[in-house]
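Report on one structure; see the data block that follows.
Please read all numbers here as calculations on a predicted model, not as lab measurements.
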Number of protein chains: 2
Amino acid sequence: MTLQQLRYLCEVAKQGLNISAAAAALHTSQPGISKQIRILEDELGVTVFVRSGKRLVGITAEGKAVLAAAERMVHEADNLRSLGKELRTPDEGILTIATTHTQARYVLPPVVRKFSDRYPAVKLILHQGNPEQVADAVASGNADLAIATEAVAANPALLTLPCYQWNRCAVVPPGHPLLGQAPLTLQALSQYPLVTYDFSFTGRAKVNEAFAALGLNPNVVLTALDSDVIKTYVELGLGVGVLASMAYDPARDANLRAIDASHLFQPSVTRVALRRGHYLRAFHYHFIELFAPQLTQSVVQSALLGDAPDFVI
Amino acid sequence: MTLQQLRYLCEVAKQGLNISAAAAALHTSQPGISKQIRILEDELGVTVFVRSGKRLVGITAEGKAVLAAAERMVHEADNLRSLGKELRTPDEGILTIATTHTQARYVLPPVVRKFSDRYPAVKLILHQGNPEQVADAVASGNADLAIATEAVAANPALLTLPCYQWNRCAVVPPGHPLLGQAPLTLQALSQYPLVTYDFSFTGRAKVNEAFAALGLNPNVVLTALDSDVIKTYVELGLGVGVLASMAYDPARDANLRAIDASHLFQPSVTRVALRRGHYLRAFHYHFIELFAPQLTQSVVQSALLGDAPDFVI
DNA sequence: CACCGTTACGGTATCCGTAAGGATT
DNA sequence: AATCCTTACGGATACCGTAACGGTG
C-alpha cells in the first residue's frame with residue numbers, strides 16, 4: 001500500500017470513475033494509474049471499482065469504505081505537507097477563499113487589504129460562487145475557507161462559525177415616492193415592482209418570509225446573482241431594489257438612494273466555513289480574525305476540536 | 001513522502017529514538033531507516049529529531065506535530081488493511097484482549113468458549129496485566145480491546161463502556177468464626193487480618209473507602225495481584241480474604257467458604273476499553289456483545305462516533 | 001571497546017511512460 | 001469512429017542490504 005496508490009484511487013473517484021481524466025489531473029499516464037489501482041485492490045483483496053468490460057461503472061459497497069479511508073489518509077498527507085511549509089516559511093503560502101459576490105465585492109476588500117499588508121508573500125485566490133458551490137469548494141478541499149450567508153451549515157464535514165449580522169436596505173432612484181414616507185413599511189414596498197437576489201442567495205429566504213408573514217405577495221420582477229446587477233436595473237427604473245446594506249455605498253452609488261429596511265426583515269448572519277480535519281496555517285487563522293475579530297485562533301481551534309457548541313455573536 | 005517513511009518515523013520514536021532497534025523491529029536495516037528519515041525531513045523541511053553528533057537525543061517541538069500526524073496516518077493504514085481482511089475473510093483474524101487476572105480467569109472463559117465456537121478461525125491472544133498496563137496496551141495498539149475495572153478511563157484516546165457491576169465476598173476456611181454471624185459487617189471483618197487485592201487493582205479503592213467511612217482501620221496483612229494467590233493464603237490461615245464474588249467457585253474452592261459482602265462495599269463496574277479511531281472487525285464487535293449483551297455493534301459504533309454520552313447499565 | 005548513526009556502493013525491484021490491443025458507446 | 005481500460009515492454013529511478021567510517025559514552 002502506497003500513498004501514491006491511495007491518491008490515484010481518490011482522484012479516479014473524484015473524476016467520476018475516469019482513469020484517463022485522473023491521469024491528466026495528476027500529470028501521469030493512464031496505464032500507471034490503472035496498474036497501481038489493480039495492485040492495491042490485490043493487496044487489500046477488495047475490488048473497489050465495478051468494471052463492465054474495460055470500463056469503470058461504479059464503486060462497490062466495500063469500495064466506498066476503502067475510499068473513505070483513502071481520502072482520510074490523502075488528506076492527512078496534505079495536512080502534513082502544509083505543516084512542513086508552515087514551519088519552514090510561516091508567512092508564505094496560498095490562501096484560497098470561496099465566497100459570494102456580495103462578500104467579495106463589498107465586505108472583503110478592506111480585510112484583504114490589511115491581510116496583504118501583513119502577509120505580502122501569501123498568494124490570495126478568490127473562488128466566487130453561490131453559497132452551495134462555496135460550501136462544496138471547502139468540503140472538497142478546493143478552498144481553505146468559505147464566507148457566505150446561508151446553506152453552508154448542511155455538510156457535516158464543515159464547521160461554520162458566525163461572523164457578523166447584517167440586514168437590508170431598499171434602493172431607489174432619486175426622487176422616488178418612497179423617499180418621502182418614513183419609515184419604510186412592507187406594505188409600501190409591496191406596491192412597487194421589486195428587484196432582489198436570486199432565491200439561492202444571501203438570505204433571500206428572509207425577504208420572502210417577511211412578506212409572507214403579512215400575507216403580502218410582492219411582485220418580484222427580476223432576481224439577480226449579485227448586488228451590482230440589482231443596482232443597475234434599479235437605475236434603469238425597473239423597480240425598487242432590496243439589497244444587503246453593505247452593498248450600498250453613498251459615494252459610489254451617487255445616482256441611487258438607500259432607505260433603511262433593517263426593521264422589516266430578520267437579520268442574516270454571515271458565517272465562515274472550515275473543513276473539519278483540514279490543517280490551517282497561522283495566516284489562515286489570522287485572516288479569519290481580521291474578518292471577524294471575535295474568532296481568534298484559539299476560539300476557532302477549540303471549535304474545530306468539537307467541544308464548542310454553536311454560539312451566537 | 002511515503003507511508004514507509006512515516007512508519008519508520010513512528011517506530012524510531014516508539015523505540016526510544018533508537019534507529020537500530022526500530023530496524024530490528026521492522027526487519028530491515030539501520031541505514032535504510034536512517035536515510036529515509038533524512039529524506040522525509042528534507043522534503044518536509046522539518047528536522048524531527050534532535051541529533052547530538054551521531055545520536056538521536058530528542059524530538060523537536062515541530063517534530064512532535066509531525067510525529068502525531070505520522071502516527072495518525074500509519075494507524076489509518078493499519079485500519080485499511082484490517083478492512084481488507086475483514087471484507088475478504090470476515091471470520092478469520094486475530095483478537096487481542098488485554099485484561100486483568102480476575103477477568104481472564106473467572107469471567108472470560110465462558111465468553112471465550114462461545115466465541116471460539118462461533119469463530120474457530122480467529123486466533124485469540126490474551127495480554128494480562130494491571131489495569132494501567134491493560135489500558136496502555138490498547139492505547140498503543142498492542143491490543144484490540146481491554147477489559148478491566150478501574151483506571152482505564154483516564155486516557156482520552158480510549159473509549160470505555162460499562163459492561164457489568166460486581167461486588168465482593170469474604171472467603172474464609174471452613175469453621176471460621178465469621179461463618180456463624182450473619183450478616184457480615186465491616187466491624188466484624190476488621191477484627192481479622194485481611195488478604196485482598198493490590199492497591200492498583202480491581203476496585204481495591206472501594207474496599208478502603210468503605211472501612212474509612214466508618215473510621216475503621218483494617219489490618220491488611222497481604223495484598224496480591226490475583227485472586228488465586230489470595231485464596232491460597234486464606235487456605236493457609238493467614239487471614240480473611242476479600243475477593244471479587246465471581247472469583248469464588250463453590251465447586252472448585254471446596255476448602256473455602258464464601259460470605260456475601262455486597263452490602264458492605266460500593267459496587268465496581270467492569271468496563272471494556274477501545275481505542276478511538278481503531279478499526280474494529282465484525283468479530284471484535286461480536287466478542288464485546290458476547291461479553292456484555294447490551295453492547296451491540298450499533299451501540300458501540302455510535303459511542304465510538306462520540307455522540308453517546310456516558311451511560312449506565 | 002561497544003554501541004550507534006552516517007556515508008558509500010552495488011544489485012534488485014519497482015514504478016513510470018510509450019506503444020499496442022480489445023471493448024464499449 | 002472515438003473513447004477508454006488493459007496488457008506488454010523497456011528504461012530510469014528509488015529502495016534496500018552489505019560494508020566501511022566516524023563519534024560517543
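Remark: R105(A) engages D228(A) in a salt bridge, criterion side-chain N to carboxylate O under 4.0 Å. Between K14(A) and E71(A) there is no salt bridge, since no side-chain nitrogen of the basic residue lies less than 4.0 Å from a carboxylate oxygen of the acidic one.
Considering only the side chain of S20(B), dC4(C) comes nearest among dC16(C), dC5(D), dC4(C). Side-chain atoms of Q36(A) lie closest to dC16(C) of the nucleotides dG5(C), dC4(D), dC16(C).
For the pair R38(A) CZ and dA8(D) P, the interatomic distance rounds to 12 Å; values are reported in whole Å. Atom NE2 in H27(A) sits roughly 16 Å away from atom C1' in dG17(C) (whole-Å rounding). In this structure, I37(B) atom CD1 and dC4(C) atom P are separated by 15 Å, rounded to whole Å. Rounded to whole angstrom, the span from the CG atom of N18(B) across to the P atom of dA2(C) amounts to 18 Å. Between Q5(B) atom CD and dC15(D) atom P there is a gap of 7 Å when expressed in whole angstrom units. Atoms CG (L3(B)) and P (dA14(D)) sit 18 Å apart, rounded to a whole Å. For R7(B) and dC15(D), the CZ to P distance is 13 Å, given to the nearest whole Å. Note: CG (L17(A)) to P (dT6(D)) measures 12 Å, nearest angstrom.
Side chain of R275(A) to backbone of V138(A): no donor-acceptor contact under 3.5 angstrom is found.
Here the shortest heavy-atom pairing between R281(B) and Y279(B) reads CG-CE2, 3.8 Å. Here the closest non-hydrogen pair linking L161(B) and A303(B) is CD2-CB, 3.9 Å.
Proximity of residues 39-49 of chain A to DNA chain C (heavy atom under 4.0 angstrom from any strand atom) is not detected for any residue.
The phosphate of dC15(C) has neither OP1 nor OP2 within less than 4.0 Å of any side-chain N or O from Y8(A). One finds no side-chain N or O of S29(A) lying less than 4.0 angstrom from the OP1 or OP2 phosphate oxygen of dT18(C). Checking the phosphate oxygens (OP1, OP2) of dG5(C), no side-chain nitrogen or oxygen of S34(B) falls inside 4.0 Å.
Nearest-nucleotide positions on DNA chain D place T2(B) closer to the 5' end than the other of T2(B) and Q30(B). Nearer the 5' end of DNA chain C, as judged by each residue's closest nucleotide, is the contact made by R51(B), out of R51(B) and Q4(A).
Between N79(B) and H75(B) there is a side-chain heavy-atom pair separated by less than 4.5 Å. The side-chain heavy atoms of I125(B) and H127(B), taken from C-beta on, include a pair separated by under 4.5 Å.
Between Y8(A) and S34(A), the side chains place no donor N or O within less than 3.5 Å of an acceptor N or O (distance only, hydrogens not considered).
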For nucleotides 20-25 of chain C, give me one character per nucleotide, 5' to 3': B if any protein heavy atom sits under 4.0 Å from the base, S if the only such contacts are to the sugar-phosphate, - if neither.
-B--B-
For E43(A) and R38(A): C-alpha separation, side-chain torsions, deciding distance, then whether salt bridge (Lys or Arg N to Asp or Glu O under 4.0 Å) applies.
CA-CA 9 Å; E43(A) 182 184 336; R38(A) 289 294 192 140; over 6 Å; no
Let's go through D91(B) and R118(B) carefully: what are the C-alpha distance in whole Å and the side-chain angles of both, what is the deciding distance for salt bridge (Lys or Arg N to Asp or Glu O under 4.0 Å) to 0.1 Å, and is it a yes or a no?
CA-CA 9 Å; D91(B) 288 3; R118(B) 166 67 184 82; 3.3 Å; yes
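At the heavy-atom level, I33(A) lies nowhere under 4.0 Å from the strands shown.
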